[in-house]
Novice: 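Structure provided below as structure tokens; questions to follow.
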2 protein chains.
Amino acid sequence: METRELRYFVAVAEELHFGRAAQRLGIAQPPLSRAIQQLERRLGAALLERGSRGVTLTDAGSVLLREGQAALDAIDAAERRTRRAALAPTGRPGVVLVTKAGATGELLAKLLDAYAAEPGAVAVDVVLCGIGEQERLLRDGRADVALLHRPFDSTAGLDTEDLHAEGQVVVLPAGHPLTGRTHVRMSDVAALPGLPMPRWPNLDGTFPDGAGPPVHNHTQLLQLVALGRASAILPESVRPQLRNGLVAVPVADAPTVTTVIAWPPHSRSRAVAALVRAATRL
Amino acid sequence: METRELRYFVAVAEELHFGRAAQRLGIAQPPLSRAIQQLERRLGAALLERGSRGVTLTDAGSVLLREGQAALDAIDAAERRTRRAALAPTGRPGVVLVTKAGATGELLAKLLDAYAAEPGAVAVDVVLCGIGEQERLLRDGRADVALLHRPFDSTAGLDTEDLHAEGQVVVLPAGHPLTGRTHVRMSDVAALPGLPMPRWPNLDGTFPDGAGPPVHNHTQLLQLVALGRASAILPESVRPQLRNGLVAVPVADAPTVTTVIAWPPHSRSRAVAALVRAATRL
DNA sequence: AAGCGGCGATACCTCCCCGGTATCGGACCA
DNA sequence: TGGTCCGATACCGGGGAGGTATCGCCGCTT
């Protein structure tokens, strides 16, 4: 199977429309139709159901969509990492570390310090990205190592090492009745009148249904809490970042948040290994 | 990057010889040279060092070899799994389970029984393969789920669930002085005169250097032990398989062997999920 | 030192296949 | 029943992949 065919199929499978897929690929529609037919013939499998109501995926098509996306990511990763390796004349390319904006501030600073103090340390580019994007950045080669937070971030398909575990707190506007308590339970928070949990965007940018206000980052979120429009359950380590007017109360039965360092499983980079070693020694 | 280019590069990088690589690929040498040059130009990276003493890999080339092999495996997996999905008219393709020949006999039987008793169970093809091949079978789509043994098998890049932990025993010919002991230590075994540890083949079929006899499977190994030519450290569960003339003595400080069930991280197969659930309930 | 063999690069040719334009055919709709 | 939306088909042109022949370089031989 050629990557061209895979890219074509993934485009059609995502758009479920030959015309739009062709446009997105920058080619005309007829060659796209032909390429997909040819792919189906060579695989001996019907991938798409062409109905008058548009195009739908067959079971085999769904499999190829998932597996094909993973394969295309692997190819992108190969290309990117090769380019990066070639840029480093010393054989010591820099490392790209990715983490969520607004999280792990202190831990990240300590990690960078500890690593920089090691002999043979190389430059570390820190990339801050949106929710849920880290795994993709690691898989397609735009990043070499990530700081993730279980159970929020998926670590499937990555090698990880646990760094830090912490409980969670509910962040409330100052003066809220619950702020007097030494701790609360999840059920207390879920039932708060007028302070719904906010909604985070899905990977495709849309928002799930629900009552809470849509938010894109932690700053927005905390501002909404301060305005009395929302409540938020966050790891304890947000406490130092809380502005005046916000109070954090421990949630006894919220799941523990574990900060982990993660990297692609077949990584053989010395720099990543050293970074992981530094992290585990923190 | 096209898979054709990747395949060509991987062939050259593995052979370190354009002529042989071309032969292996079934093409002539000049187009291969051209394709590699073009790839290097497009990546803006030197991948190979052409010296009069043959071809060597640059740093960037090493990166592309590793990443490229992973990407090609992902593409093979996409193709194979799509084909398999298309063969199953009910949307319930069979599952391919892979494990080492001669190991996990009892556990595997129990697992297959437990899974078969579940509603909606599908056919399970059991593939027995050689040492160290399981990961590759999972990654390139020839298998869907595997039984592995830590710490011998690498589980990098796979999702796993622990099933069973056991100690190890040293297998000796009956009558050997150590067979009177209730347990031994690694240092006792390492120093045994005339009973060296056997050598297992590497992934490419060659054998590492050393004193022990080369072996390919457990039957060979146990026969050599019975002949007084070798000793072997194996998981406790081999005891029932031991023929007369062989004695097992627990090794107190040998690493614990954990049997795990493993599957590709992005697997969405219902059947694999059910199999894993059945396994964890054993 | 000249010859020779091994190996990758270059030159040049051919043909396939990819992509483009024009058009068709069926389904749904007013 | 004409319109239009959408994928398939027909046909054409150009680029690129692969083949053969040959070159250029290096190291070995005697």
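Below, each value reflects all heavy atoms present in this structure, side chains not excepted, and no hydrogens, waters or symmetry copies. Naming convention: chains lettered A, B, ... in sequence-line order (proteins, then strands); numbering from 1 in each chain.
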Novice: Is the closest side-chain donor-acceptor distance between B/Glu15 and B/Gln23 under 3.5 Å?
Specialist: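 There is no such pair between these side chains.
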Novice: Using modelled atom types and a 3.5 Å cut-off, is there a donor and acceptor pairing between side-chain atoms of B/Tyr115 and backbone atoms of B/Arg277?
Specialist: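 Absent.
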Novice: Would you indicate whether A/Arg142, at its atom CZ, is surrounded by more than 12 heavy atoms from other residues, nucleotides or ligands within a distance under 6.0 Å?
Specialist: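 Check passes, neighbour count above 12.
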Novice: Would A/Leu65 and A/Val10 count as a side-chain contact (heavy atoms from CB on, under 4.5 Å) if you check the C-alpha gap in whole Å, the side-chain angles of each, and the deciding distance to 0.1 Å?
Specialist: CA-CA 6 Å; A/Leu65 175 56; A/Val10 168; 4.1 Å; yes
Novice: Looking at residues 15-34 of chain B, who's got a heavy atom less than 4.0 Å off DNA chain C?
Specialist: B/His17, B/Phe18, B/Gly19, B/Gln29, B/Pro30, B/Ser33
Novice: If you measure from the Lys or Arg side-chain nitrogens to the Asp or Glu carboxylate oxygens, is any gap between B/Arg50 and B/Glu40 under 4.0 Å?
Specialist: yes
Novice: Mark yes or no for whether B/Thr58, through its side chain, and B/Leu47, through its backbone, hold a donor-acceptor pair below 3.5 Å.
Specialist: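 Checked: pair present.
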Novice: Strictly distance-based, threshold 3.5 Å: is any side-chain N or O of A/Arg80 a donor or acceptor partner for the main-chain N or O of A/Asp140?
Specialist: yes
Novice: Heavy atoms of chain B, cut-off under 4.0 Å: which first and last nucleotide of DNA chain D, 5' to 3', fall inside that, if you could look?
Specialist: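 Result: D/dA17 to D/dC28.
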Novice: Show the atom names and distances, to 0.1 Å, of all donor-acceptor pairs under 3.5 Å that link a side chain in residues 28-37 of chain A to residues at least two apart or in another chain.
Specialist:
unit_1  : atom_1 : unit_2  : atom_2 : d
A/Gln29 : NE2    : A/Ser33 : OG     : 3.0

Novice: Calculate, to the nearest 0.5 Å, the distance between atoms CG and CG belonging to B/Asp144 and B/Leu97 respectively.
Specialist: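 So the CG of B/Asp144 and the CG of B/Leu97 are separated by 9.0 Å.
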Novice: Walk me through whether A/Gln38 and A/Glu5 qualify under side-chain hydrogen bond (donor to acceptor under 3.5 Å, both in side chains).
Specialist: CA-CA 9 Å; A/Gln38 196 171 317; A/Glu5 302 175 289; 4.8 Å; no
Novice: I need the residues from residues 35-48 of chain A with at least one non-hydrogen atom less than 4.0 Å from DNA chain D; give them sorted by number, or say none.
Specialist: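 A/Gln37 - these, ordered by number, are the residues of the stretch whose heavy atoms sit under 4.0 Å from the strand.
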Novice: How would you list, by chain and number, every residue that makes a ring pair (Phe, Tyr, Trp, His ring centres under 6.0 Å) with A/Trp200, sequence neighbours excluded?
Specialist: A/His218
Novice: Mind running a 4.0 Å heavy-atom check of residues 2-14 of chain B against DNA chain D and sending the residues that fall below it, in number order?
Specialist: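 Here the set is B/Arg4, B/Tyr8.
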Novice: For the residue pair B/Arg7 / B/Thr3, report whether a side-chain donor-acceptor contact shorter than 3.5 Å exists.
Specialist: yes
